[in-house]
Amino acid sequence: MSKKHNFSAGPCILPQEVFQKSAEAILDFNGSGLSLLEISHRSKDFVAVMDEARAIVKRLLNLSDAYEVLYLGGGASLQFAMVPYNLMPSENGKAAYLNTGTWAASAIKEGKKFGTVDIVGSSKEENYAFIPKNYTVGNEYDYFHCTSNNTIYGTQMKQFPKVDTLLVCDMSSDIFSRAIDFTQFDLIYAGAQKNMGPAGTTLVVVKKEILGKTGRDIPSMLDYALHIAKESMYNTPPVFPIYASLLTLQHLEKTGGIAAAEARNEAKAALLYSEIDRNPLFETFCMKEDRSLMNVSFKLIDDTKKEEFDNAWKAAGISGLNGHRSLGGYRASLYNAMPIESVQILVDVMQNLK
Ligand SMILES: *Cc1c(COP(=O)(O)O)cnc(C)c1O
C-alpha cells in the first residue's frame, strides 16, 4: 500500500519521520526496554520529554519567560470554556469576540456562560466569506478573543488588531505555520491535531501575569495557574500525543523553524490558488485577501463534473479532500507536513479535468 497524499483538515498529515519515531517509542522508548506507553509520567525519561516539549515551543515562538507553556487534555473545545473561566471576573465579566466561523461561534457560545460577550465583528451573515476588519476593542473588556485561521471556511487573519485589553487567540489550525510576532498575544491555544501532532493534547501558551484576577473558585483541572505550578503534570498528561508533538516540533526546528515553514507554506498555497484562479471550473468560497495558507476551501462551478473530479483525485492517491459538511465542496489542507509535490499532484488532476 503506497502512502496517500493526505489533505485532511485534522487529524492530519505529520512528517513521516514523526510516525516512524513514535512507532519506535511505543515498542522501545530510548532503548529502555519499556514502551513509552507503560512508563510513569513522573519517570526521569518522561519528565525530560515534557520539559523539552514546553521549552521548544518558547524557542520556536520566540517567547520570553513571561510566558508559560502547558499541554492539556480536553481539546481546543475545552479552551472555549477555560479562557473565560480564568480571565473573566465573576462580577461584571465582559469579553469581546470576533465571529469568523464555526469554531469562533463555539467559543462565543461558551464565553456567554461566564459573563457578557460582545461580538465586535462578524461575517456570519455572509457565510463567513471574509474576516471583519473595522472594529475597535476598548479597555472595558476583560479580553478580546479571535480565531487566527478558520479551518472550515478557509479564511485567515493576516493581521491582528491592536486592542486595549488582553489578546487571546485560537491558533489551532495555523500555529507554527507563519512567522508573526507572538508577543502581541496574552494567551494562545491550539488543539495539537491540526499542525503540531496527533489528537489528544492542546497547547496553551499564557502570560503568567494575567492569571489569578477573576475572584472565581476555579475547579482544579480548569485552572491554568495550578497547571503551571505543577509544570503541566497536575494529573497524568496525555503522554503519547505530547511525545509525538515534541517530535513534530523538533522536526520543524531541524528544517529551519517557522520562517522556513512559512516560505514552504506560501509556495504551496500559491501553487493551488493560482490553479483555482486560472481554471474556469473552480472557485474559492471566500474573499481573496483573506485566503488561508493552511486550508484551501474551494468548489466546482459546474456540479455535473463532481463524479469525474472525485474519481480522478481518488485515482491519483489523494485522500481527505472533501469539504466540511457545513460548507460542501472541497478543502485541501496544506499544513506544515504537506509536501509541495502532493499539491502539484492535485493541481495536475484539476488541470486534466475538462
Ligand atoms: C479543530 C478546531 C477546534 C476544535 O478542536 P478540538 O481539539 O476538536 O476541540 C477549535 N478551533 C479551531 C480553529 C479548530 O480548527
Side-chain angles (χ1 to χ4, degrees), residues 6-14 70-85 95 97-111 113 117 121-124 128-132 143-158 160 167-178 180 182 185 187-206 221-222 237-238 240-242 244-245 248 265 285-286 290-297 320 322-327 331-338:
N6 184 9
F7 286 88
S8 171
C12 63
I13 186 170
L14 293 173
L70 300 172
Y71 287 85
L72 304 178
S77 298
L78 183 60
Q79 297 310 309
F80 299 160
M82 271 180 86
V83 164
Y85 221 150
Y97 278 71
L98 195 62
N99 186 5
T100 52
T102 306
W103 297 116
S106 299
I108 288 165
K109 181 173 162 224
E110 294 302 288
K113 296 173 184 173
V117 164
S122 173
S123 50
K124 183 173 181 213
Y128 296 121
F130 64 95
I131 305 280
Y143 63 88
F144 168 68
H145 179 283
C146 59
T147 311
S148 55
N149 184 72
N150 298 284
T151 326
I152 295 173
Y153 297 89
T155 59
Q156 187 172 32
M157 295 176 77
K158 306 294 171 186
F160 295 88
L167 183 55
V168 176
C169 190
D170 174 359
M171 288 196 194
S172 292
S173 51
D174 70 352
I175 192 156
F176 302 115
S177 72
R178 54 177 171 160
I180 50 181
F182 291 96
F185 303 97
L187 192 153
I188 297 167
Y189 62 90
Q193 71 275 17
K194 306 281 169 47
N195 206 30
M196 70 172 278
T201 190
T202 300
L203 177 71
V204 174
V205 180
V206 58
M221 279 297 286
L222 304 181
F240 181 75
I242 292 169
S245 297
T248 308
N265 290 333
F285 287 96
C286 72
D290 297 326
R291 283 174 170 178
S292 166
L293 299 190
M294 291 279 98
N295 308 98
V296 179
S297 289
N322 284 321
H324 189 271
R325 59 194 179 280
S326 62
L327 193 62
R331 174 172 50 168
S333 296
L334 312 179
Y335 298 122
N336 283 357
M338 167 65 60

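This one's a predicted model, so the numbers in the text were calculated from it and none came from an experiment. Both ligands and their constituent atoms are indexed starting at 1 by order of listing. Just so you know, these numbers use all the heavy atoms, side chains as well, and skip hydrogens, waters and symmetry mates.
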Starting from [atom], locate the nearest protein heavy atom and write down its residue, its atom name and how far away it is, to 0.1 Å.
{"atom": "atom 8 (O) of ligand 1", "result": "Q193 NE2, 3.4 Å"}
{"atom": "atom 9 (O) of ligand 1", "result": "S77 OG, 2.6 Å"}
{"atom": "atom 15 (O) of ligand 1", "result": "T151 OG1, 2.4 Å"}
{"atom": "atom 4 (C) of ligand 1", "result": "W103 CZ3, 3.5 Å"}
{"atom": "atom 11 (N) of ligand 1", "result": "D170 OD2, 2.6 Å"}

Check whether any side-chain heavy atom of [X] sits under 4.5 Å from a side-chain heavy atom of [Y], and report yes or no.
{"X": "R291", "Y": "V296", "value": "no"}
{"X": "S333", "Y": "M294", "value": "no"}
{"X": "Y189", "Y": "D170", "value": "yes"}

Need the ligand 1 atom indices (1-based, order shown) with element for anything under 4.0 Å from a heavy-atom of [X].
{"X": "G75", "result": "7 (O), 9 (O)"}
{"X": "T147", "result": "13 (C)"}
{"X": "F80", "result": "10 (C)"}

Scan side-chain atoms only and decide if [X] and [Y] contain a donor-acceptor pair under the 3.5 Å cut-off.
{"X": "Y153", "Y": "N295", "answer": "no"}
{"X": "Q156", "Y": "D174", "answer": "yes"}
{"X": "N150", "Y": "T155", "answer": "yes"}

* Structure fact -> Min over S148, G74, A76, S173 of heavy-atom distance to atom 5 (O) of ligand 1 lands on A76
* Structure fact -> The option among M171, K194, Q79 carrying the non-hydrogen atom nearest to atom 1 (C) of ligand 1 is K194
* **Cation-pi geometry met for K194 and W103 (6.0 Å, 45°)** => yes
* **ligand 1-proximal atoms of N149, by part, heavy-atom distance under 4.0 Å** => backbone
* When you look for heavy atoms under 4.0 Å from ligand 1, do you find them on the side chain of Y189, its backbone, both, or neither? -> neither
* To do: Could you walk me through whether V168 and F185 pass the side chain to side chain contact (heavy atoms under 4.5 Å, CB included) test, one step at a time?
  => CA-CA 6 Å; V168 176; F185 303 97; over 6 Å; no
